[in-house]
Amino acid sequence: MPPSQLKRLKASLREQGITGPQKSKKQKKSLNKNADARAERYSALASIRESFNPFEFKHLARPKKFEYVSQNAADSKKILGRPGVAKSQGEEARRKSLLPEMNRKNKVGGILDRRIGENDPTMSLDDRMMARFEREQQRKRGGNVFDLEDGDDEVQLTHGGQSLTFDHEIGDEDYDAASVSGSSDGGDGFLKRKRMREDVDGEEVEDAPEEEQPERKKSKAEVMKEVIAKSKLHKYERQAQKEDDDELREELDKDFNDVLAALRGHMEKKPEPEAPKEAPKSDFGMNADRAALLAGISQAAKDKEYDTRVRQMLQDARAKPTERTKTEEEKAREEASRLKELEQKRMKRMRGEPTSDDDEPQQKKDDDEEDDEEDEDEDMDDDAAEFGLKTTIKPSSRPEGVEDEDDFLVDDDLVATDSEADMSGDESDDASVVDDTMAMDDDEADFLQHVLPDKPKEQPKAVNGVLTIGAGASSSKLAYTYACPRSHEELLKVFKDVAEQDTSTVIQRIRALYHAGLHSDNKYKLSDFACALVDHMANLANQSPPASLAVIESIIRHVHSLSRSYPAQIATHFRQNLKQLQESNDPNPGDLALLTAIGSIYPTSDHFHQVVTPAITLMARWMGLTTPASSKDVATGAYVASLCLQYQRLSKRYIPELIRYTTLCVKSSHATPTLLTAHAKNIITAADVWSTSPSFIEIFNPLLAPLQSTNQKSTLQSLNARLTSARLLRRPQLLHDHRPLPIKTSIPKFEESFDPNKHYDPDKERSEAAKLQKEYKREKKGALRELRKDANFIAREKLKEKKDKDRAYEQKYKRLVAEIQGEEGREKNSYEREKKKRQRG
């Protein structure tokens, strides 16, 4: 167990020689006289005191392993600081500076001591009193001694200590003998001269002899009267001068026009000797041409001109309000009502009933004729120039071949009304049917551009009241309204009596009738209708004689347009069909049609897509697990490979199964020349897609041997040229070429007056920047430390203030409770005494 503090203290004092055997008086007296001995004693006591309080001093966290001697004496002590002393000093400084600010915070009013030198610790008491006395004397004198308007000679100009006034001017001023004789004293002469003023009426007392001058001093009231009178006199003089200036300015303004006229006549000299007597006044609100026209005519001619202009204004055509832009819902509603009305008329005609075309009011026709007559003069020349003849009959607005209101053109509004794509104007198919059923961009219409032949457009013709397009168009009459099929079975019932070339028209009318903006349930109907179209697309491809490619392409366009409004339902239905393909792993024509539609509807360059990614995975899976055993497998492989390459047209991702299956198909005995040509095209397309791949040689080199056994010489030559170019572009790997580096030397650089705490950086700017950054960090840490200490001090003071308030409140509460209890006790005792007294009485 370590010794106690008392034992340690005694032992330390004994070791230092402070305590020990009793000393004689002589020894004590010699000790007191020796200053070195006293200093040594005090230092020993200080060291003992320091050793007994280890927390009062800050030492190195990890002391030096070995002792060393330094020139700095402070290093030998190894004491970095005294936290207790520094903390007490910081607390005292905050109590003097921060505490008063905290007490003054959020307080309004109060008395501020603005006396001179009150808050200045550098001024002594005598300096404060002297400064205050000087300010008080300055206020008593009043005004500024350097005021130019004051005519008093309060400040005398001197030269060499002598006044610049002459002897004969002394009598001009109202001085008395006392002021002249006392001018050398401190301030009395100045005050006496200030009291002596000139008379207000301008009467000077210099004419009186000196013995008749009044010797009494003027009172304060007389001096103030003189000052006020003098001030009024100066004010009156300034006002009179201002009035004179205003009168002079008005006189100049009156003659200003004459001066301007003289200047104009001097600067603008006209060649005519005589100017006109009356110049016409220019009206800046009238047109210059009209003012010149009316300048030389009489008033009657002016009135006639005015009447003519008014009649011309009355005959001008009035502006007609333009029709506002309709919304998509309004357009769809009007189109649906139009189709329903046309269907009613068709049914009436089928039953032999008269239609309402002949019952059109005559008033509307008359109004149209009047409008034509009003615009006849303006439009006659344009119409004649346009049609090559002169006529007053307004040309018909119907298209060529349409003779009745029942005849109609397929409008763009019926197609893709819920999408924002532009209507495609390309219309061509096998039966010359105009395919304006789908809103497409230019890129979306490219997937069948090399499949269908280009045919010239034909003018639409109306046959028996129904618009037909081309010679191969159906002549059957289609209904204008259909029920919205929500399954494939219902769709087959609707298309049972509809020709293939009319399929797009029927789909278009169904979409127009059941637009989503017409009813809230239409969006569910159209989503089911779109899913039914997906199934119908596969059904048309699986038929024994497959449907025409144009019909399937038109359905794909409709599904594409509907997928923009109902993406989730259509994508889910596509995934269901892909799941069936995954289970069978035997693609039929319907599956190939769906895969083609997927590549046309959805973006195939995405890294991951809910429909495209499963589709391309299934195609790669089939090509990787299947071996071509028949001509059907070879043909299907060619089509699937072309679809894969179309999918990767932008992303250019490598599909190894495609190269594997194409190689097997080229080697297969079931490959016909036509199928070999298709596979050769796929190989060239794949070379174009993956031309930038660094593994181009390894990918296409295995295809050279199978192609050599076929007659595809052009394909073989093209592939050989591409492989040669790829070999030339491929460079062998090389080491990094850099300049030779010098060998690192281990010879140290000698620095005179080396300091281990100093950084020796040869770059001066970098050294200065590092030094500045280090200083900034040190200052930042110091500022944060001081802010934390201030916050702790404020928290302690607030807590102390709160405790004081709580203590005062508790004392007050206890005192009040004690007073109330004492009062209640006294009252109770008096009540008991009174009660006992009455009982005894």
Side-chain angles (χ1 to χ4, degrees), residues 1-102 121-122 124-125 753-758 774-775 777-779 781-801 803-804:
M1 184 175 180
S4 64
Q5 292 284 82
L6 182 59
K7 290 183 179 179
R8 287 180 55 206
L9 176 61
K10 289 181 179 179
S12 300
L13 293 175
R14 193 180 304 108
E15 289 175 0
Q16 296 293 338
I18 298 174
T19 60
Q22 186 70 21
K23 296 181 181 181
S24 63
K25 294 182 178 180
K26 186 176 181 180
Q27 291 176 346
K28 291 180 180 180
K29 189 177 295 184
S30 62
L31 182 63
N32 293 332
K33 290 182 179 180
N34 192 355
D36 296 337
R38 284 200 308 272
E40 185 178 356
R41 177 186 176 88
Y42 290 152
S43 62
L45 289 174
S47 63
I48 293 172
R49 194 178 295 110
E50 291 177 1
S51 64
F52 273 84
N53 191 3
F55 301 102
E56 187 65 25
F57 303 97
K58 185 177 180 181
H59 301 273
L60 288 173
R62 298 179 63 182
K64 298 293 183 182
K65 188 174 181 180
F66 303 102
E67 295 290 338
Y68 64 92
V69 179
S70 175
Q71 295 179 355
N72 192 359
D75 293 343
S76 60
K77 296 181 179 180
K78 303 177 184 177
I79 297 175
L80 301 181
R82 292 175 171 78
V85 177
K87 185 177 181 180
S88 62
Q89 291 177 355
E91 190 79 10
E92 187 64 25
R94 290 182 181 86
R95 195 170 299 279
K96 290 181 180 180
S97 60
L98 191 59
L99 186 60
E101 294 181 1
M102 189 175 67
T122 60
S124 62
L125 182 60
S753 65
F754 176 76
D755 186 1
N757 298 324
K758 184 179 179 182
K774 184 178 180 181
E775 185 178 357
K777 289 183 178 179
R778 183 173 63 252
E779 293 295 334
K781 288 179 64 177
L784 291 176
R785 183 169 58 251
E786 293 299 325
L787 289 175
R788 285 194 295 268
K789 290 181 180 179
D790 293 344
N792 294 333
F793 175 78
I794 293 173
R796 289 197 303 271
E797 292 298 327
K798 287 185 178 179
L799 181 61
K800 181 179 178 181
E801 184 180 359
K803 287 183 178 180
D804 293 342

Would you please name every residue forming a side chain to side chain contact (heavy atoms under 4.5 Å, CB included) with [X], sequence neighbours left out?
X      : result
Glu91  : Arg95, Phe793, Arg796
Lys7   : Pro3, Ser4
Glu779 : Glu775

Worksheet entry | For Asn792, side chain to side chain donor-acceptor pair (under 3.5 Å) partners two or more places apart |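 Asn792: no side chain to side chain donor-acceptor pair (under 3.5 Å) contacts found.
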Practice prompt. Using side chain to side chain donor-acceptor pair (under 3.5 Å) as the criterion, list what pairs up with Gln5, not counting sequence neighbours.
Written response: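 Per chain and number, Gln5 pairs via side chain to side chain donor-acceptor pair (under 3.5 Å) with Arg8.
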Distance in Å, [X] [atom1] paired with [Y] [atom2], rounded so as to fall on 0.5 Å steps:
X      : Y      : atom1 : atom2 : result
Arg788 : Asp790 : CZ    : CG    : 11.0 Å
Leu799 : Lys803 : CG    : NZ    : 4.5 Å
Arg14  : Leu9   : CZ    : CG    : 10.0 Å
Arg82  : Gln89  : CZ    : CD    : 10.5 Å
Leu99  : Glu92  : CG    : CD    : 10.5 Å

Worksheet item: Between Ile794 and Met102, is any pair of side-chain heavy atoms under 4.5 Å apart?
Response: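 Heavy-atom side-chain distance check passes, below 4.5 Å.
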Item to complete: Could you list the residues that satisfy ring-ring contact (aromatic ring centres under 6.0 Å, His included) with Phe754, not counting sequence neighbours?
Response: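 With neighbours one apart ignored, the set is Tyr760.
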Fill in: Verdict with reasoning, Arg94 to Lys789, per side chain to side chain contact (heavy atoms under 4.5 Å, CB included)
CA-CA 9 Å; Arg94 290 182 181 86; Lys789 290 181 180 179; 3.1 Å; yes
Discussion item. How about CD on Glu40, more than 12 heavy atoms from neighbouring residues, nucleotides or ligands closer than 6.0 Å, or not?
Written reply: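 Incorrect, the count does not exceed 12.
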